[in-house]
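We count residues from 1, following the sequence as given.
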Amino acid sequence: MQRSTALNKQSSHGLGKGMVLNVKKMFKRLAAGLAVTMLMLPVVASASATIPPGAVERFGYSEFVQKGNTAYCIDGRAPLTNANFTITKKTFARGANFVDNIRISDRDREVQIIFTSGITTQAPANSPNVIITELTLKATKTLRVSGEVILKSGDLYTYGGGDLEFRVGSTLEELDVGQNSVVQLTDGDSKAVKWTDTGKLTVDYGNIAVGECMVYPGDKVLYYYSAEVPFALQTANTSAYIESLNMGAGKFPVPLRFQLLADSSSYLYEYSKDTGKLKATTLKWDEEVGAWTGRLEQGKHFIISDVKLRGGSSATGGGSASSTPSGDNPYNNPDTGGSSGNIAAAISAIMAIVVIAVVSIIMSTIVSVKSSKK
């Protein structure tokens, strides 16, 4: 009613001027509506799906609303990077031990929740075992575009979708080793198994490594493989050809007799997610087998390179070599889709809402103009 009256007052000065004013107002309302509507890009972290070990949940700028003024999210022209924001608050109501890290990714310009890769417990059936009640960012600088302030230093932005709830863990599978004597893993696979009988098992890590061991009834093991190279490690060694074998941190009830298929001239490292640095591997070159061999009591993260890398000491077939340590390298876990898996559906829904909003505003403007003519 109030909007209609305002439009009638504008129209009393003539249809042309009134129409211009109405159109301007229409687009202002549309812009404001879009700002709120954009907050609907997957902002609700649902506990309906199981989050596997090592997964990454991703959150963009539109999912963080300004504290005290939730109608506004982070301006898309202000890159969501460590140069512009810092994470000031992350409050857990439950399950902090299942989260390896919460960070801002400069490469992807987003906030990432990285879940622990060595989780061997089964995910709960219904209720979440990870609840984050607050995730807040603080702007560290003021940014302007054509004189307009798009980001103000000190402003706080918090996740706008309510509590972040996740069911994190492995989906335990009971297997008979007699019928499943080989566990074949490809990049990104995570397989939690409870063995029901006794037998010899072979684990194939994407044709880059193989392990053998005995399994016994009741043994619970998480088999995991990611070939993703830590981003900071790759950017610090741009001339190197680097391969990665991340086995997670799950323990093996019986040590795994392990062979890593790399050349004797390769530089072989073990990467620590805790320190972000490299160290020499405990594996030894076996000339007869033609591979790097050893016994593993739990999973490790191996890095193979054709040249010596910055970040720690390595082993080669001919001995060991050291190099100058560099700064911490953030751990980069595999992306399993997470919240970004629903983006296409969310965008379709948003476009439908935008169309409805546009039609509604135009129709109300036309009705108001017609009323003013009368």
Side-chain angles (χ1 to χ4, degrees), residues 52-56 99-103 105-108 112 114-120 185-190 203 205-211 222-252 256 258-263 265-285 291-317 319-336:
V56 176
V99 175
D100 188 52
N101 192 16
I102 301 179
R103 71 178 187 186
S105 170
D106 289 341
R107 176 182 63 173
D108 299 313
Q112 298 176 348
I114 305 170
F115 295 94
T116 305
S117 62
I119 300 170
T120 55
L185 301 172
T186 57
D187 185 15
D189 280 351
S190 177
V203 186
Y205 293 90
N207 298 318
I208 191 174
V210 64
L222 174 69
Y223 303 102
Y224 173 82
Y225 167 52
S226 170
E228 186 169 2
V229 178
F231 177 67
L233 184 62
Q234 185 70 77
T235 55
N237 299 273
T238 54
S239 62
Y241 176 74
I242 302 174
E243 292 182 274
S244 174
L245 168 57
N246 183 0
M247 303 168 67
K251 293 184 178 180
F252 303 113
L256 197 67
F258 186 74
Q259 297 179 9
L260 193 154
L261 309 177
D263 295 336
S265 59
S266 298
Y267 290 84
L268 192 59
Y269 304 85
E270 291 177 16
Y271 179 77
S272 170
K273 68 175 183 180
D274 296 323
T275 64
K277 294 183 180 180
L278 302 169
K279 65 178 182 179
T281 181
T282 56
L283 300 181
K284 304 295 181 184
W285 174 254
W292 294 83
T293 64
R295 290 167 64 87
L296 302 182
E297 295 184 355
Q298 71 178 75
K300 294 186 176 182
H301 189 169
F302 295 103
I303 297 292
I304 308 106
S305 174
D306 60 339
V307 296
K308 187 168 26 175
L309 299 178
R310 296 177 63 243
S313 58
S314 70
T316 63
S320 62
S322 62
S323 61
T324 305
S326 64
D328 287 353
N329 297 319
Y331 185 65
N332 198 357
N333 288 15
D335 177 14
T336 59

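- When all heavy atoms of L268 and W292 are compared, the closest pair comes out as CD2-CD2, 3.4 Å.
- One distance of note links CD1 of I102 with CZ of F115; it measures 8.0 Å at 0.5 Å rounding.
- Contact annotation: the side chain of L283 approaches that of L260 to within less than 4.5 Å [non-hydrogen atoms, C-beta and beyond].
- Under the 30°/60° scheme for interplanar angles, the aromatic rings of H301 and Y271 are found to stand perpendicular.
- L278 is listed as a side-chain neighbour of L233, based on a closest heavy-atom distance under 4.5 Å.
- Within the 4.5 Å cutoff, side-chain heavy atoms of L185 are placed close to those of Y223.
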>> Determine whether Y224 and M247 satisfy the following criterion, side chain to side chain contact (heavy atoms under 4.5 Å, CB included), listing intermediate values before the conclusion.
In response: CA-CA 5 Å; Y224 173 82; M247 303 168 67; 5.6 Å; no
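- Under the 4.5 Å side-chain criterion, counting only non-hydrogen atoms from C-beta, L261 is not in contact with I208.
- In this structure a side-chain-to-backbone donor-acceptor pair under 3.5 Å is missing from Y225 to G248.
- Between L222 and S190 there is a side-chain heavy-atom pair separated by less than 4.5 Å.
- Between Q234 and I242 there is a side-chain heavy-atom pair separated by less than 4.5 Å.
- Nearest heavy-atom pair, A291 versus Q259, reported as atom, atom and distance to 0.1 Å: CB-CB, 4.2 Å.
- Between D187 and A227, the shortest heavy-atom distance links the atoms OD1-N, 2.8 Å.
- When all heavy atoms are compared, the tightest approach of Y269 to L309 is OH-N, 2.7 Å.
- Heavy atoms only, all atoms of each residue included: F252 and L296 are closest at CD1-O, 3.5 Å.
- Closest non-hydrogen pair, A262 versus I304, comes out as CB-CG2, 4.0 Å.
- No donor-acceptor pair under 3.5 Å is formed between the side chain of N101 and the backbone N or O of I114.
- In this structure a side-chain-to-backbone donor-acceptor pair under 3.5 Å is present from E270 to T282.
- Here the side chain of T238 pairs no donor or acceptor atom with the backbone of T235 at under 3.5 angstrom.
- Residues V210 and V203 are not in side-chain contact: their nearest non-hydrogen atoms beyond the backbone lie 4.5 Å or more apart.
- Side-chain atoms of S266 and D263 form no donor-acceptor pair, as typed in the model, at a separation below 3.5 Å.
- In this structure, the side chain of S305 does not engage the main chain of K308 through any donor-acceptor pair within 3.5 Å.
- With rounding to the nearest 0.5 Å, the separation of CG in D108 from CZ in R103 is 8.0 Å.
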>> Assess the residue pair K277 and S272 against the criterion (side chain to side chain contact (heavy atoms under 4.5 Å, CB included)); give the C-alpha distance rounded to whole Å, side-chain angles, the decisive distance to 0.1 Å, and a yes or no.
In response: CA-CA 6 Å; K277 294 183 180 180; S272 170; 5.8 Å; no
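- Between T281 and F302, the closest side-chain pair of non-hydrogen atoms falls below 4.5 Å.
- Atom CD of E297 sits in a sparse spot, with 12 or fewer heavy atoms from other residues, nucleotides or ligands closer than 6.0 Å.
- A side-chain donor-acceptor contact under 3.5 Å links S226 to the backbone of E228.
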